[in-house]
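What follows is a short report on a single structure.
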Number of protein chains: 4
Amino acid sequence: MEKFKVIQDPLNGPIKVDKLALELMDSTYFQRLRYVRQLGLCYLVFPGANHTRFEHSLGAYHLASEASEAFGIRDRDIFQVSALLHDIGHPAMSHSVESYFEKLTGMDHLEASCKIIQGKEPFGDSQIPEILEKFSISPSEVASIISGKSSTYPVISKLISGPTDIDEMDYLRRDALFTGVAMGHIDHRRIFNVTSIDDNSLYIEEKGIPAAESLLIGRILMYNSVYFHKTARIAQLMLEKALEISGGELGNPFRITDHYLMDKLLTNKKAGYISKSIMERRLYKPVLKTSYSREKLSSIKQGIGELGLDVTEKTITDIIPPLDFIGEGRIKSSIQVLVGGRKVDIKELSPLVAALYGTMKKRHILVSADVSVKSRVEKTLGNI
Amino acid sequence: MEKFKVIQDPLNGPIKVDKLALELMDSTYFQRLRYVRQLGLCYLVFPGANHTRFEHSLGAYHLASEASEAFGIRDRDIFQVSALLHDIGHPAMSHSVESYFEKLTGMDHLEASCKIIQGKEPFGDSQIPEILEKFSISPSEVASIISGKSSTYPVISKLISGPTDIDEMDYLRRDALFTGVAMGHIDHRRIFNVTSIDDNSLYIEEKGIPAAESLLIGRILMYNSVYFHKTARIAQLMLEKALEISGGELGNPFRITDHYLMDKLLTNKKAGYISKSIMERRLYKPVLKTSYSREKLSSIKQGIGELGLDVTEKTITDIIPPLDFIGEGRIKSSIQVLVGGRKVDIKELSPLVAALYGTMKKRHILVSADVSVKSRVEKTLGNI
Amino acid sequence: MEKFKVIQDPLNGPIKVDKLALELMDSTYFQRLRYVRQLGLCYLVFPGANHTRFEHSLGAYHLASEASEAFGIRDRDIFQVSALLHDIGHPAMSHSVESYFEKLTGMDHLEASCKIIQGKEPFGDSQIPEILEKFSISPSEVASIISGKSSTYPVISKLISGPTDIDEMDYLRRDALFTGVAMGHIDHRRIFNVTSIDDNSLYIEEKGIPAAESLLIGRILMYNSVYFHKTARIAQLMLEKALEISGGELGNPFRITDHYLMDKLLTNKKAGYISKSIMERRLYKPVLKTSYSREKLSSIKQGIGELGLDVTEKTITDIIPPLDFIGEGRIKSSIQVLVGGRKVDIKELSPLVAALYGTMKKRHILVSADVSVKSRVEKTLGNI
Amino acid sequence: MEKFKVIQDPLNGPIKVDKLALELMDSTYFQRLRYVRQLGLCYLVFPGANHTRFEHSLGAYHLASEASEAFGIRDRDIFQVSALLHDIGHPAMSHSVESYFEKLTGMDHLEASCKIIQGKEPFGDSQIPEILEKFSISPSEVASIISGKSSTYPVISKLISGPTDIDEMDYLRRDALFTGVAMGHIDHRRIFNVTSIDDNSLYIEEKGIPAAESLLIGRILMYNSVYFHKTARIAQLMLEKALEISGGELGNPFRITDHYLMDKLLTNKKAGYISKSIMERRLYKPVLKTSYSREKLSSIKQGIGELGLDVTEKTITDIIPPLDFIGEGRIKSSIQVLVGGRKVDIKELSPLVAALYGTMKKRHILVSADVSVKSRVEKTLGNI
């Protein structure tokens with residue numbers, strides 16, 4: 001039996017995959033990731049964005065190997081395995097309707113991943129824990145690591161989930177490649193090379209400030225251009241609406257695939273129309289864009305509400321950037337720089353970064369509607 | 001209204017799409033191409049290969065624009081539209097099971113494309129002819145062009161379907177990018193620049209021989225490494241088997257999507273097991289590889305046949321490269337070079353090319369089987 | 001005779017060069033650009049940066065063709081020729097010691113270019129005007145265009161020298177490629193696609209703001225990482241010092257090549273030591289870095305001056321970013337955006353850009369010295 | 001003091017350089033490599049090809065690190081140092097006139113490298129041996145390794161100089177990048193991943209045949225398109241002629257730089273005309289191309305010889321591919337493949353490779369001449 005297999009990745013080139021990883025990849029839960037697009041419905045705006053959590057997980061596995069080499073990390077196995085499995089619990093459609101599924105199940109993708117890795121209910125059928133134990137790796141330790149809080153492996157934890165982690169170093173570059181938006185092309189090896197480990201934490205060296213700046217800029221530009229793209233968000237909110245009105249049983253979001261979900265919705269009586277509109281890209285058109293205020297939002301919602309169910313089902317009201325994003329802090333915490341022994345937030349050193357952090361705060365309300373009700377919504381909102 | 005929209009393509013960068021193309025793209029038949037993978041089941045071997053006929057069609061549309069500029073072609077609209085629509089009739093799973101569907105329906109993808117473009121039965125619901133006519137473009141002319149035999153637009157015909165056509169210049173590069181196999185990275189602009197039009201035909205200039213050589217080599221290497229990849233072919237033949245044994249109604253292959261087909265098979269009583277094996281990549285393992293002869297093939301088939309239905313359903317016998325490929329001549333006809341006014345086949349001028357054409361002829365038989373029956377097949381075939 | 005020749009460019013791929021351009025390229029003044037590095041002494045920090053004004057000029061020529069296609073410009077010949085010739089008067093070492101040569105000759109590279117194009121003294125031997133006139137192109141018109149102020153061709157003028165010009169779209173990408181610093185990889189085709197011409201001026205459309213942001217960010221990051229790189233600036237100031245103390249005749253800076261200049265300096269009695277130090281990269285080491293003030297600068301200069309000629313010749317005092325840069329406005333003027341018919345400065349629309357413009361203003365003083373005098377300088381500056 | 005420095009390379013990205021390598025790079029002999037172009041005069045055909053032996057040596061140093069990781073090599077220091085120094089003795093103009101310099105000095109670049117590494121005469125001033133010994137590395141061992149015949153480090157020897165060595169994996173990719181000719185883009189990591197070490201030798205695994213094929217094809221295509229480019233060879237032979245007729249003292253070819261050589265020739269009375277022609281690219285034009293035979297060559301030489309010195313100095317007669325190339329075997333020996341434990345030459349397994357080896361054998365004679373004598377040469381050769 002060969003020691004390893006080589007898999008070609010469009011982003012990272014040939015990836016060496018060892019026996020342990022191959023067994024994990026062969027499991028049902030992992031194979032399912034082939035059918036969960038990395039960017040959910042963004043393919044409706046960026047037609048190349050059909051890449052999946054499967055490739056991203058493989059890419060993270062590879063970057064864990066590169067990072068092990070760069071930082072001289074010895075516990076490579078558990079590092080690489082954690083990288084491989086960090087997204088195994090992503091619901092269908094990735095982040096597109098994750099908050100909806102979270103309300104439904106009480107679980108986000110991190111919690112689901114931890115449970116699948118450990119074979120906890122409702123994922124008792126997971127083959128993952130058995131495989132890990134066969135190779136003397138503790139499932140609960142892997143779960144700690146991907147949660148970013150293992151005390152046994154603090155550095156690995158931060159490299160999987162921290163301000164300059166390999167997860168982001170794969171997805172920013174991968175999403176840039178597959179969307180065709182050049183802005184996320186960060187130089188991850190350069191960042192490895194200017195990162196120091198001190199007292200179990202990661203720091204950027206002073207000479208690395210330009211590299212760190214370009215990481216942060218890449219991140220912001222990708223949010224502006226892709227992750228918060230106006231039209232992609234309309235599609236996502238249409239899908240959330242389809243889920244809400246379907247009223248049907250769609251299956252456990254952590255077990256189903258993107259297309260199973262869509263096919264279920266397409267044959268659902270209530271959600272069929274809107275689902276077909278999504279599939280064939282007949283997306284709601286913008287009716288009103290205005291700066292955000294709590295009062296405005298409230299009167300808009302009231303105005304549309306008065307038009308009756310037929311209209312509300314065909315109208316969506318979005319806050320850009322989304323409120324929950326701001327709250328959740330998905331744009332990572334700041335980077336620390338080592339300057340003459342002291343640890344300083346990069347904001348203090350880079351006027352560029354300091355400026356960037358102001359740019360996400362401005363919020364807008366965007367109302368969009370199906371063609372069939374657009375004029376009625378326009379008329380009602382005319383006075384706002 | 002804006003004159004055009006810009007869509008980002010991972011391969012070709014920003015693509016300008018005009019009003020006519022936008023309307024065509026909004027049609028149901030075209031949107032369906034989002035859900036037909038360019039390389040069928042190859043994603044099971046090359047995990048990045050989730051790209052679809054949708055992006056490829058858009059890419060061909062773009063290359064038609066580049067070629068128009070390079071060759072000073074005036075009838076740009078019909079050229080670009082033909083490029084955009086040339087694959088609109090591809091069945092689910094692209095080439096993976098096309099020959100099966102052809103036997104079933106009597107139509108290949110080219111014929112289906114021509115019918116959809118003209119709204120002929122069984123595609124009478126196609127919106128395409130109406131859109132084309134609105135913009136004063138003849139649907140039947142477009143059908144002639146994509147068939148490679150329009151007498152009104154002979155040059156455009158050859159640029160859509162000929163020995164150095166834009167179809168291939170998009171798919172070789174696109175498949176190379178998404179599979180992560182570097183070998184197809186041909187320089188299409190270089191080829192445009194060394195191509196001359198004479199007497200309504202395309203010729204490579206003498207100085208362009210190295211460029212033409214690298215196109216032909218890229219083509220062969222992609223066949224060797226991707227299109228004829230042993231494991232990908234096993235998956236395809238498993239799917240063909242699933243279709244054969246399903247016995248059920250799966251819908252018109254030119255209307256359904258990849259995942260609709262798979263979901264139908266997964267819930268089919270007879271084909272469920274094999275379909276789930278494909279989806280979760282439990283592919284048949286090679287049992288026997290031997291050089292091809294008609295007699296050997298016949299005795300292998302007989303040997304396996306005698307093991308009964310339970311085994312034959314879990315065993316596949318492949319000829320590599322496939323017999324039908326050889327017959328069909330899917331590796332394009334040769335390139336003509338202009339040398340001092342004469343037109344010479346590139347084989348006469350390039351010993352490299354002459355040699356290459358010999359390399360595809362050697363054939364092998366490959367027998368693969370499901371784990372559950374592998375040892376029985378091995379035993380039976382031991383004597384061959 | 002062939003209509004055109006194809007030259008391969010690492011950045012832009014194959015470039016079609018027509019007969020007129022070929023004749024211009026064959027002239028002595030143009031061939032000299034092969035021996036003037038695009039980034040002067042930056043190769044001492046970025047070893048790949050050996051690219052020259054020759055390739056950049058060719059690249060600009062190519063982008064003029066792409067831009068002509070994108071904007072439907074009819075006067076393609078004069079546009080492409082102007083792009084090809086816009087840097088023909090660059091002195092040896094490009095910008096590295098341009099200000100020194102300007103003091104010496106009273107000419108900057110733009111003025112020299114205009115004179116060479118028109119065959120004006122001291123460039124009466126230029127073959128350029130004769131070639132241009134043979135092809136019915138007015139040399140003085142070309143000179144107006146590259147100065148950015150032709151009233152006959154106002155749009156072409158702005159595309160050669162304006163806030164989003166093809167000159168920058170070639171050099172940012174080219175410098176990024178050859179230095180290996182990923183940050184300048186702007187998507188120039190995207191920018192063409194979101195630029196409108198109105199009333200003879202160029203405007204970015206509203207949807208193009210992200211593309212414009214990424215151009216401006218690429219520009220700033222390249223200045224931070226490459227053009228103002230601390231060590232590269234030390235090398236440049238060492239060269240300026242070598243020129244100052246050489247006292248010899250080095251020839252007309254607009255006629256000589258990089259290596260002719262260096263060879264002359266190497267054999268110069270006074271400048272030999274410092275020149276050999278540059279060639280073999282024994283650069284002065286930083287002694288003091290402090291924030292800028294006029295008073296500090298004055299007392300530093302006085303302190304070093306008192307150490308005598310032997311030390312001052314081996315010490316350089318730099319202001320980063322350089323004072324003359326700020327004055328000269330080499331970071332281009334701002335981009336105008338079309339919003340609902342109005343023209344708005346991008347700063348008003350993009351908080352990101354507004355922020356970026358603050359970042360270049362902070363200035364530092366950096367004193368560096370040769371190893372042989374470093375400790376003496378350190379001692380003297382200890383109190384500042 | 002920092003442990004290492006990071007240098008950006010356009011080809012390989014950020015390269016970590018340790019203290020030992022930094023000291024070696026700071027030596028006079030190594031710095032000189034900045035001024036020796038990798039492809040000699042090829043920049044006259046491929047204007048981007050200004051890259052130097054300096055960057056290539058750094059790239060080889062980096063690939064030695066990648067290969068150490070891939071193959072688990074422990075003696076990384078001596079491997080990387082050998083890679084860094086393997087080309088330190090390259091004469092000015094790289095291979096362009098190497099055979100001329102070899103006749104002159106009795107040394108080729110490998111012998112010169114070995115002597116410089118060991119500080120042997122006439123390179124007694126080399127700082128290299130002292131630096132190596134300071135870090136406990138044996139200069140003579142390094143010399144053995146780069147000669148490909150160290151018995152202490154047989155694997156490292158073969159990785160520096162063998163059928164699949166890191167030298168070629170850097171230069172093929174680098175030359176492809178800087179010439180803009182896409183054909184040399186081999187996937188070196190893929191090749192590492194399919195290479196096995198057995199009994200101190202390197203073998204390709206069976207699954208690696210397509211990767212090995214693409215390496216061999218890339219090699220041949222680069223020879224056809226770049227290294228043997230007709231016009232580049234004319235320039236090289238012109239330079240050889242300039243050297244022959246100069247009769248002057250030009251300095252030790254292993255100490256001088258490209259431009260020092262050219263400047264010397266430009267001021268040489270006899271060689272000035274031809275040297276200026278090279279610099280400004282007024283290259284000799286082809287007069288006669290005919291298939292090779294010893295007899296033809298002899299009568300051509302005689303015919304030109306009778307025209308007198310004035311003409312012979314302005315005429316060159318080339319054999320393509322060059323005779324000495326064939327003799328010298330610069331196209332590397334074949335690759336061995338492991339098939340079921342046996343070692344088989346790749347030619348036996350790959351019809352593609354078998355075919356390729358036939359393609360280099362056909363030879364032509366090409367006579368070229370300066371414009372001033374072209375018609376006289378044409379007339380004389382009219383009868384051949």
Side-chain angles (χ1 to χ4, degrees), chain C residues 6-15 25-35 37-38 43-59 174-183 225-226 257-264 266-267 276-283, chain D residues 6-15 25-35 37-38 43-59 174-183 225-226 257-264 266-267 276-283:
Chain C
V6 177
I7 299 178
Q8 292 296 124
D9 177 28
L11 183 70
N12 295 300
I15 296 181
M25 287 173 70
D26 278 347
S27 69
T28 297
Y29 277 98
F30 199 90
Q31 287 293 322
R32 170 187 164 270
L33 297 180
R34 289 187 185 275
Y35 310 103
R37 284 195 192 80
Q38 177 78 10
Y43 74 91
L44 292 167
V45 175
F46 301 98
N50 292 310
H51 55 304
T52 73
R53 294 274 152 191
F54 186 92
E55 298 117 274
H56 164 56
S57 299
L58 196 57
R174 189 173 299 276
D175 296 342
L177 175 65
F178 283 88
T179 57
V181 171
M183 297 151 178
S225 299
V226 177
T257 64
D258 288 3
H259 51 78
Y260 179 91
L261 181 69
M262 287 312 295
D263 283 352
K264 273 279 179 186
L266 282 168
T267 53
K276 202 161 184 337
S277 297
I278 295 168
M279 286 283 285
E280 300 188 359
R281 206 189 184 282
R282 286 187 301 276
L283 304 181
Chain D
V6 177
I7 299 179
Q8 291 298 124
D9 177 29
L11 183 70
N12 295 298
I15 296 180
M25 288 172 68
D26 279 347
S27 70
T28 296
Y29 277 97
F30 199 90
Q31 287 293 322
R32 170 186 164 271
L33 298 179
R34 290 186 184 276
Y35 310 104
R37 284 195 191 81
Q38 178 76 12
Y43 74 91
L44 291 168
V45 176
F46 302 98
N50 292 309
H51 56 302
T52 73
R53 294 276 153 188
F54 186 92
E55 299 119 272
H56 165 56
S57 300
L58 195 58
R174 188 173 300 278
D175 296 342
L177 175 64
F178 282 88
T179 56
V181 171
M183 298 152 177
S225 299
V226 177
T257 63
D258 288 2
H259 51 78
Y260 178 91
L261 181 69
M262 288 312 296
D263 283 351
K264 273 280 180 186
L266 281 168
T267 54
K276 200 159 186 334
S277 296
I278 296 168
M279 287 283 286
E280 299 188 358
R281 205 185 185 286
R282 286 188 299 277
L283 304 181

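Every chain is numbered from 1 and lettered A, B, ... according to where its sequence line falls, protein lines coming before strand lines.
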Proximal component of T179(C), with respect to chain D [non-hydrogen, under 4.5 Å]: backbone

Options F30(C), F178(C), F54(C), ranked by heavy-atom pairs under 4.5 Å with chain D, top entry: F178(C)

Residue, of R34(C), M262(C), R281(C), that accumulates the most heavy atom pairs under 4.5 Å with chain D: R34(C)

L266(C), part contacting chain D, at a heavy-atom distance under 4.5 Å: neither

Reported CZ-to-CG distance for the pair R174(C) and L11(C), which is rounded to 0.5 angstrom: 5.0 Å

Atom group of L177(C) that falls short of 4.5 Å from chain D, counting heavy atoms: both

Toward chain D, the part of E55(C) with a non-hydrogen atom under 4.5 Å: side chain

M25(C) portion near chain D, given a 4.5 angstrom heavy-atom threshold: neither

D26(C)/R282(D) salt bridge by N-O under 4.0 Å criterion: no

Parallel, tilted or perpendicular, as decided by the 30° and 60° cut-offs, for the rings of Y35(C) and Y43(D): perpendicular

Polar side-chain atom of R53(D) near backbone of L33(D) as donor-acceptor pair, under 3.5 Å: no

Part of R32(C) lying under 4.5 Å from any heavy atom of chain D: neither

Exam field: side chain N50(D) to backbone H51(C), donor-acceptor pair closer than 3.5 Å: no

Atom pair CE (M279(C)) and OG1 (T28(D)), whose distance is rounded to the nearest 0.5 Å: 11.0 Å

